[in-house]
Amino acid sequence: MNRIQLLPSQLVNQIAAGEVVERPASVVKELVENSLDALASRIQIDVEQGGVKLLRVRDNGQGIAAEDLPLALARHATSKLASLAELERVASLGFRGEALPSIASVARLRLVSRTAAAGQGWKIEALHGEAPPQVAPAAHPVGTTLEVRDLFYNTPARRKFLRAERTEFGHIETVLKRLALSRFDVGFSLRHNQRDLWSVAPAWQRGEREQRIAELLGLPFLENCLHIEHEAVGLHLSGWVARPVYSRSQADLQYFYVNGRIIRDKLVSHAVRQAFHDVLYHGRQPAFVLHLELDPVSVDVNVHPTKHEVRFRDSRLVHDFLYRSLHAALADERPGSENGGIPGTQPGVQGDTLHDATPIRPPAQQLSAPLELGEAPGAYSASFRAQQPSPEPLAVDGEAGVPPLGFALAQLQGVYILSECSDGLILVDMHAAHERIVYESLKRQQSGIHSQPLLVPLSVQVSPRDVQLAEEHADLFSRLGMQVGRIGEDVLVVREVPAVLGGGDAAALLRDVLSDLAVFGRSGRIQDEIEKVLATMACHGSVRANRKLTVQEMNALLREMERTERGGQCNHGRPTWVRLRMADLDHLFLRGR
């Protein structure tokens with residue numbers, strides 16, 4: 001065995017670089033985060049050959065004093081904290097002091113900076129294998145410029161794992177979009193191979209921020225977003241979440257920030273999935289840009305080298321806050337609401353842009369009337385009652401007295417309802433719409449979860465830790481209609497289950513609930529399973545395709561949709577209605593050309 005010895009400093013830095021510098025995008029992330037920590041309001045990024053040849057980040061931040069430049073290239077040297085107390089409530093993006101020395105160990109690095117108090121700028125260059133870097137004067141405005149050239153020139157094994165130039169630049173652009181969406185108060189610009197690609201100015205107002213979102217993520221994302229602003233229990237959630245109809249096949253439009261730091265967290269992902277669980281089409285992913293602000297002491301960011309993961313002091317509180325905030329926002333999204341309105345309208349705008357048109361008035365026979373469901377079990381036919389016209393207008397959609405979904409004109413092929421609204425035509429999938437109405441009605445009728453004793457109690461073998469969890473959460477199981485007891489060190493017995501789940505797999509359900517409790521401190525499994533049964537009942541109990549409806553029945557359906565939470569999607573996540581504005585119809589028929 002070799003004797004224990006200290007590693008050479010260069011080797012130590014290169015080992016650290018393995019954690020910090022995975023590819024050019026990793027370098028960009030570290031350098032731009034340093035600029036943000038330096039309170040820069042403008043950051044310019046220049047890239048050549050996908051970042052392998054050159055990465056240059058220039059900012060107008062506070063700068064670095066000349067005497068501190070050598071320390072900037074030393075390991076574990078930082079201006080961002082000095083004690084454990086500061087670490088426990090750190091608010092800066094970087095704080096370990098590893099980035100610059102790690103980068104300098106695998107590339108040629110040049111740092112030029114000037115503070116507001118200095119009469120000129122100063123530079124320092126780190127070149128592997130040469131003499132210790134020296135500080136020299138250099139012309140430079142207030143701020144800092146960092147140039148990183150020939151990445152991995154001295155570690156060819158690392159360099160050969162890099163992908164094509166286009167791929168590496170794509171990773172850089174992704175990182176910069178994440179950072180630009182984290183700090184709306186900072187302007188960013190990006191150049192690649194001497195070509196300007198995009199530039200965004202500082203955005204202070206909501207409209208300016210939404211313009212940045214449209215530029216970086218595309219206008220369709222913005223047009224399908226709900227704006228969220230919610231504060232409670234010391235937590236503040238703000239941002240934009242896309243309507244379920246704008247779901248994705250991949251989780252490529254999910255940006256979640258904690259105190260300005262982008263994270264990927266199991267607890268956050270679970271809370272978001274639960275909020276979307278009965279409005280998202282199977283296998284689809286939600287899209288969002290969300291910012292969570294909380295006291296820095298309530299979250300530990302020092303749990304992963306890349307700082308992509310965090311640990312919340314009260315994870316259950318955070319989980320419930322996120323779930324309830326998103327769940328409420330999606331529930332409130334309905335025609336005529338501030339967050340609702342019509343797919344394709346600008347988010348957050350009440351009402352719609354009107355065309356010159358004759359005010360719509362319902363004919364005398366178009367009063368709301370009961371929708372008689374011959375196919376539906378009598379137990380929930382009451383979910384669709386007569387809705388008499390309100391003395392007040394139902395919404396702000398166009399002319400006074402015109403409801404958001406307008407008035408029914410006809411039925412198409414026994415499947416769709418055609419309705420005229422203030423500025424166009426609305427198409428409604430009558431089965432999908434009524435399915436959501438019946439489903440929400442059934443959920444409201446679940447005032448309590450009724451239990452059903454098992455004829456033969458079910459023994460389930462689990463780990464001793466799971467037995468302890470079951471005993472700690474006995475009240476929770478009882479509230480959810482499931483009686484669970486202990487009969488051995490690693491054996492639980494299930495004596496009662498929710499009545500609507502009597503034919504289900506109680507053992508698998510118990511294990512899933514215990515798994516959720518172990519990871520998240522809470523579980524919605526039982527409620528989810530109950531709602532699946534209710535969704536099936538709603539599907540079978542809703543009006544079927546090819547059922548002929550009268551005009552009164554169609555209008556009754558439209559009015560109930562306007563009053564139903566999550567009315568824009570059926571229980572399977574499909575849209576229940578769409579609008580064609582007059583401008584859309586004019587475009588189809590080439591009017592005005």
Side-chain angles (χ1 to χ4, degrees), residues 7-21 24-49 51-82 92-155 158-159 191:
L7 292 174
S9 60
Q10 177 67 14
L11 181 57
V12 170
N13 286 336
Q14 288 181 330
I15 293 173
E19 296 179 345
V20 177
V21 186
S26 309
V27 177
V28 171
K29 174 182 178 295
E30 297 292 342
L31 299 186
V32 174
E33 285 183 348
N34 277 344
S35 295
L36 293 172
D37 286 339
L39 305 181
S41 62
R42 294 192 313 275
I43 304 175
Q44 299 171 273
I45 302 95
D46 283 276
V47 181
E48 292 184 15
Q49 295 182 12
V52 175
K53 180 180 179 182
L54 171 68
L55 291 168
R56 181 188 297 115
V57 175
R58 173 174 293 179
D59 67 55
N60 65 342
Q62 295 175 326
I64 304 172
E67 57 270 24
D68 289 344
L69 287 177
L71 280 175
L73 302 182
R75 294 196 71 213
H76 307 308
T78 178
S79 61
K80 300 172 186 180
L81 56 85
S92 56
L93 295 173
F95 50 84
R96 290 195 178 101
E98 289 185 345
L100 292 187
S102 297
I103 295 168
S105 70
V106 292
R108 308 181 196 277
L109 185 145
R110 182 173 186 264
L111 168 59
V112 187
S113 190
R114 176 186 169 189
T115 63
Q120 64 179 23
W122 296 85
K123 69 178 180 178
I124 188 171
E125 297 187 34
L127 301 175
H128 173 54
E130 298 187 7
Q134 299 296 316
V135 177
H140 197 276
V142 173
T144 301
T145 296
L146 266 155
E147 288 185 359
V148 177
R149 294 183 180 273
D150 303 325
L151 186 62
F152 300 138
Y153 77 99
N154 57 353
T155 52
R158 297 279 304 281
R159 189 162 187 167
R191 288 166 51 89

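Predicted model, so just to flag it, every value in this text is computed and none were measured. The analysis underlying the following values was restricted to heavy atoms, covering all of them including side chains, and did not include hydrogens, waters or symmetry mates.
- Considering only residues two or more places apart in sequence or on other chains, Glu48 meets the side chain to side chain donor-acceptor pair (under 3.5 Å) condition with Gln194.
- Applying the salt bridge (Lys or Arg N to Asp or Glu O under 4.0 Å) rule to Glu147 yields the partners Arg56, Arg149; only residues at least two apart in sequence or on another chain are considered.
- In terms of heavy atoms, Leu69 sits closest to Ser113 at CD2-CB, 4.4 Å.
- Counting only distance, with no hydrogens or angles, the side chain of Ser26 and the backbone of Val21 share no donor-acceptor pair below 3.5 Å.
- Within the 3.5 Å criterion, the main-chain N or O of Val106 finds no donor-acceptor partner in the side chain of Thr155.
- A distance of 10.5 Å separates OG of Ser35 from CD of Gln44, quoted to the nearest 0.5 Å.
- Ser102 approaches Ser105 most closely through the heavy-atom pair O-OG, 2.6 Å.
- When atom types are taken as modelled, the side chain of Asn60 and the backbone of Ser41 share a donor-acceptor pair closer than 3.5 angstrom.
- Residue Leu151 holds its CG atom at 8.5 Å from CD1 of Ile103, rounded to the nearest 0.5 Å.
- Under the rule for a side chain to side chain donor-acceptor pair (under 3.5 Å), the partners of Thr145 that lie at least two apart in sequence or sit in another chain are Arg58, His140.
- Counting heavy atoms of neighbouring residues, nucleotides and ligands inside a 6.0 Å radius, atom CZ of Arg191 exceeds 12 of them.
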- Message: Apply side chain to side chain contact (heavy atoms under 4.5 Å, CB included) to residues Val28 and Leu55 and explain how you reach the verdict.
- Response: CA-CA 7 Å; Val28 171; Leu55 291 168; 3.6 Å; yes

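- For Ile64 against Ala72, the heavy-atom pair with the smallest separation is CD1-CB, 4.5 Å.
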- Verdict with reasoning, Leu109 to Leu100, per side chain to side chain contact (heavy atoms under 4.5 Å, CB included): CA-CA 8 Å; Leu109 185 145; Leu100 292 187; 4.3 Å; yes

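- Partners of Pro141 under the side-chain contact (heavy atoms from CB on, under 4.5 Å) rule, at least two apart in sequence or in another chain, do not exist in this structure.
- Residue pairs meeting the salt bridge (Lys or Arg N to Asp or Glu O under 4.0 Å) criterion with at least one member in residues 110-122, sequence neighbours excluded: Arg110-Glu125.
- With sequence neighbours excluded, the residues forming a salt bridge (Lys or Arg N to Asp or Glu O under 4.0 Å) with Asp150 are Arg108, listed by chain and number.
- Looking at Val32 and Ile45, their side chains come closer than 4.5 Å, going by heavy atoms from C-beta outward.
- A 4.5 Å side-chain heavy-atom check between Ile124 and Leu73 finds at least one atom pair inside the cut-off.
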- Walk me through it: do Trp122 and Val112 pass the test side chain to side chain contact (heavy atoms under 4.5 Å, CB included)? CA-CA 6 Å; Trp122 296 85; Val112 187; over 6 Å; no

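- Checked by atom type and distance alone, the side chain of Asp59 never pairs as donor or acceptor with a backbone atom of Ile43 at under 3.5 Å.
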- Task: Kindly indicate, with the supporting measurements, whether the criterion side chain to side chain contact (heavy atoms under 4.5 Å, CB included) is fulfilled by Thr144 and Val57.
- Result: CA-CA 8 Å; Thr144 301; Val57 175; over 6 Å; no

